[in-house]
Q: 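Before I ask anything, here is the structure I am working with.
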Amino acid sequence: MSSKFSLPARLGLLVAGTVLPLILFAGVIVYQHHNERREEAFARVLELVRSTRLILDSEVKSMTAGLQVLALSETLQRDDFENFRRNAEAFLSQFPESQSIVIADREGRQVFDTRMAPGTVLPVRTTRAGTGEVFQTRRPSYSPLFQGSISKDLIITITVPVFRNGDVVYDLSFNPSLAEFQRIIERQRPSEDWTFSFFDQNGVNFARVPNPEKTIGQRASPTLFAEMFKVPENKISTVSLEGVSLLTAFARSEVTGWTVAAGISEATLTAPLVQQLMLTAAIGTGLLLIGLGFAVRLATRLARAESMQTLLVDELNHRVKNTLQTVQSIAAQTFRHAHDIPDALQKFEGRVIAMGRANGLLSEERWRNADMAHLVESALEPFRAKEKERVHISGPSLQVAPPSAVMISMMLHELATNAAKYGALSNDGGEVFIDWRPVGNGDARVQLSWRETGGPAVATPTRKGFGTTLIQRGLAGQLGGKADIEFAPSGLRCTLECPVR
């Protein structure tokens with residue numbers, strides 16, 4: 001049963017079935033490598049967030065410790081706010097960009113503000129988030145981002161309790177400049193591919209890169225805000241306020257309740273992935289096309305070889321059939337009127353051997369063409385062994401097609417046999433001259449001349465034998481050639497003409 005696919009298609013499927021899994025495998029390897037790099041990037045982001053949280057906590061604890069020392073000053077214990085101002089301003093001198101130190105009582109009434117002149121009536125803290133927290137917890141507190149009642153700026157405060165006789169009588173608040181936190185972020189940011197933020201307890205930015213001027217006071221992006229209060233620390237994929245896909249990590253401070261978050265652009269990882277996948281696909285496609293090219297070329301050669309094999313088998317069958325018919329014809333002509341069986345057998349054997357020599361010469365040339373000189377020499381070899389100096393051969397190099405080669409060889413055998421028995425080679429002085437030359441349009445035919453001299457007198461025979469019939473009719477009947485035989489008294493002359501292609 002023949003396959004429904006052609007040989008090129010089958011070889012193409014074989015190549016594709018071999019190369020495509022390799023391309024897919026290479027793509028999987030590249031993607032796995034990308035996932036490994038992605039996890040490494042996540043781990044790097046989380047490690048940076050943790051270290052930045054520690055830095056932030058250290059800075060805030062340092063500020064808190066300074067405020068606690070300030071809260072223990074004797075001037076404050078005596079409510080001597082005029083002299084306390086010098087202590088407060090000395091503390092503020094460490095933070096030139098910071099705004100003020102404010103002291104308020106349990107009801108939220110402000111009793112001191114470094115920004116206001118002594119004796120100025122100060123407003124009640126109506127907008128401060130977490131009012132009274134330190135009175136309840138007796139510990140420092142850290143506010144979310146809010147708008148100051150006097151400055152109207154966005155601020156955060158660090159508030160510590162002021163103790164007197166074991167009771168909390170005031171809270172002392174310090175609002176550090178947001179620029180302090182902005183500098184921390186900018187120092188920790190590895191490159192412009194990173195997004196870095198500090199968030200208050202409500203998820204609002206109070207320090208951020210990039211675009212701090214547009215994002216300070218805004219809430220975290222929805223993808224981050226939805227996750228940042230579920231657990232104290234995590235790694236997630238988010239989309240920034242600018243619409244950039246990020247590999248994000250966040251960590252919440254146990255000291256302040258603020259959250260540090262950082263993210264690296266996924267494009268920094270996906271761009272190499274796309275490049276590697278495209279390179280893999282390009283190389284794989286190139287290999288596939290090369291393989292398909294070789295497959296098609298091999299299929300073409302195999303198909304050509306198969307066609308040639310079929311042609312050669314058909315040609316062989318044809319040649320065998322023709323050979324058998326020729327042998328049958330030779331046998332019939334040799335033995336039909338034979339009176340001397342041994343002599344007939346000898347003639348038959350000689351004729352078959354002549355045909356065999358021609359076939360052998362053609363086999364050596366793989367049945368392409370036979371050289372005319374080799375063909376003549378092979379046909380006359382048995383006769384030239386003893387009479388070599390009496391047989392003269394001349395002619396140009398010429399290639400003869402297989403059918404003409406076999407017929408010429410057999411005819412030369414008949415002529416040589418006749419010359420050995422009755423003609424120029426039957427005595428001691430006769431000679432045979434054989435020469436040939438190309439004739440016709442484009443040298444498509446060969447003309448071979450046989451001429452005998454010095455032999456016995458020649459007379460025209462009363463009847464034609466098989467040799468004469470073979471010579472005269474063989475060329476015309478099988479090859480479209482011709483043969484002229486002249487029984488001249490000085491010696492037999494024969495001119496053969498047949499195609500060479």
Side-chain angles (χ1 to χ4, degrees), residues 23-57 144-145 156 178 181-281:
I23 297 175
L24 180 61
F25 179 72
V28 170
I29 295 297
V30 170
Y31 187 72
Q32 287 180 343
H33 180 63
H34 164 73
N35 285 338
E36 292 175 359
R37 289 186 59 194
R38 192 171 187 270
E39 290 302 317
E40 291 173 358
F42 255 139
R44 190 165 69 251
V45 174
L46 181 58
E47 189 64 29
L48 180 62
V49 164
R50 287 171 175 171
S51 64
T52 305
R53 182 194 62 190
L54 293 176
I55 293 172
L56 177 62
D57 287 347
L145 188 70
I156 57 173
L178 297 184
F181 303 105
Q182 191 68 27
R183 279 193 288 271
I184 294 175
I185 279 184
E186 291 174 352
R187 286 196 300 266
Q188 297 300 310
R189 186 190 189 194
S191 68
E192 294 183 356
D193 295 323
W194 289 68
T195 298
F196 228 126
S197 294
F198 288 165
F199 296 101
D200 67 10
Q201 296 88 333
N202 299 320
V204 176
N205 281 290
F206 64 87
R208 188 181 188 273
V209 282
N211 303 321
E213 65 282 354
K214 296 180 180 179
T215 55
I216 298 299
Q218 290 191 31
R219 197 168 71 172
S221 66
T223 51
L224 177 58
F225 187 83
E227 301 293 332
M228 65 187 302
F229 297 110
K230 293 181 180 179
V231 290
E233 182 180 278
N234 201 3
K235 299 181 297 183
I236 56 174
S237 295
T238 65
V239 178
S240 71
L241 293 173
E242 292 82 8
V244 179
S245 296
L246 302 174
L247 300 179
T248 301
F250 66 84
R252 189 159 52 251
S253 170
E254 295 180 356
V255 176
T256 62
W258 299 337
T259 300
V260 178
I264 184 172
S265 172
E266 284 206 55
T268 60
L269 299 176
T270 55
L273 170 64
V274 172
Q275 291 176 355
Q276 291 175 356
L277 288 177
M278 291 180 63
L279 180 61
T280 301

Q: Do you know which two heavy atoms are closest between Gly203 and Phe225, and how far apart they sit?
A: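 Smallest heavy-atom distance, with atoms named: CA-CE1, 4.2 Å.
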
Q: Answer yes or no: is there a side-chain heavy-atom contact under 4.5 Å between Val239 and Leu246?
A: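 No, every pair of side-chain atoms sits at 4.5 Å or beyond.
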
Q: Within this structure, what is the CE-OG1 distance for the pair Met228 and Thr248, rounded to the nearest 0.5 Å?
A: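 Separation between the atoms: 10.5 Å.
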
Q: Would you say the side-chain atoms of Arg53 pair up with the backbone N or O of Ile55, donor to acceptor, closer than 3.5 Å?
A: no

Q: Name all residues meeting the ring-ring contact (aromatic ring centres under 6.0 Å, His included) criterion together with Phe181; count only those two or more places apart in sequence or in a different chain, and write none if there are none.
A: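 Per chain and number, Phe181 pairs via ring-ring contact (aromatic ring centres under 6.0 Å, His included) with Phe206, Trp258.
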
Q: If you take all heavy atoms of Phe229 and Asn202, which pair is closest and at what distance?
A: CZ-C, 3.7 Å

Q: Got Gln188 and Pro190 here, is their nearest side-chain heavy-atom distance under 4.5 Å?
A: no

Q: How many angstroms lie between atom CZ of Arg252 and atom CD of Gln201, to the nearest 0.5 angstrom?
A: 10.0 Å

Q: Shortest non-hydrogen contact from Leu247 to Ala41?
A: CD1-CB, 4.1 Å

Q: Can you tell me how far apart CD (Glu242) and OG (Ser221) are? Round to the nearest 0.5 Å.
A: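 Reported value, rounded in 0.5 Å steps: 9.0 Å.
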
Q: Looking at CD1 of Ile185 and OG of Ser197, how far apart are the two atoms once the value is rounded to the nearest 0.5 Å?
A: 6.0 Å

Q: Quick one: which of Leu241, Val209, Thr195, Val204 gives a side-chain contact (heavy atoms from CB on, under 4.5 Å) with Thr215?
A: Leu241

Q: Mark yes when over 12 heavy atoms from residues, nucleotides or ligands other than Glu213 sit less than 6.0 Å from its CD; otherwise mark no.
A: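 Yes.
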
Q: When rounded to the nearest 0.5 angstrom, what is the spacing between CD1 in Ile216 and CG in Leu145?
A: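 So the CD1 of Ile216 and the CG of Leu145 are separated by 8.0 Å.
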
Q: Counting C-beta onward and ignoring hydrogens, is there a side-chain heavy-atom pair between Leu48 and Trp194 closer than 4.5 Å?
A: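 Side chain of Leu48 against side chain of Trp194, heavy atoms only: contact under 4.5 Å found.
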
Q: So does Lys235 pair up with Glu47, basic N to acidic O under 4.0 Å?
A: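 Here Lys235 does not pair with Glu47 in a salt bridge, since their nearest N and O are not under 4.0 Å apart.
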
Q: Looking only at heavy atoms, what is the nearest atom pair of Ser265 and Val244, with distance?
A: OG-CG1, 3.8 Å

Q: Is it the case that Asp57 and Ser253 place a side-chain donor and acceptor less than 3.5 Å from each other?
A: yes

Q: Compare every heavy atom of Arg208 with every heavy atom of Pro210, then report the nearest pair and how far apart it is.
A: O-NH1, 2.6 Å

Q: Specify the closest pair of heavy atoms between Ala261 and Phe199, including all atoms of both residues, with the distance to one decimal.
A: CB-CE1, 3.6 Å

Q: Would you tell me whether Asn234 and Glu227 have side-chain atoms, one donor and one acceptor, within less than 3.5 Å of each other?
A: no

Q: Answer yes or no: is there a side-chain heavy-atom contact under 4.5 Å between Thr52 and Phe198?
A: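 The answer is yes, as the side chains (C-beta and beyond) meet within the 4.5 Å cut-off.
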
Q: With rounding to the nearest 0.5 angstrom, report the CZ to CG distance, Arg219 to Asn205.
A: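 Arg219 CZ to Asn205 CG: 11.5 Å, rounded to 0.5 Å.
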
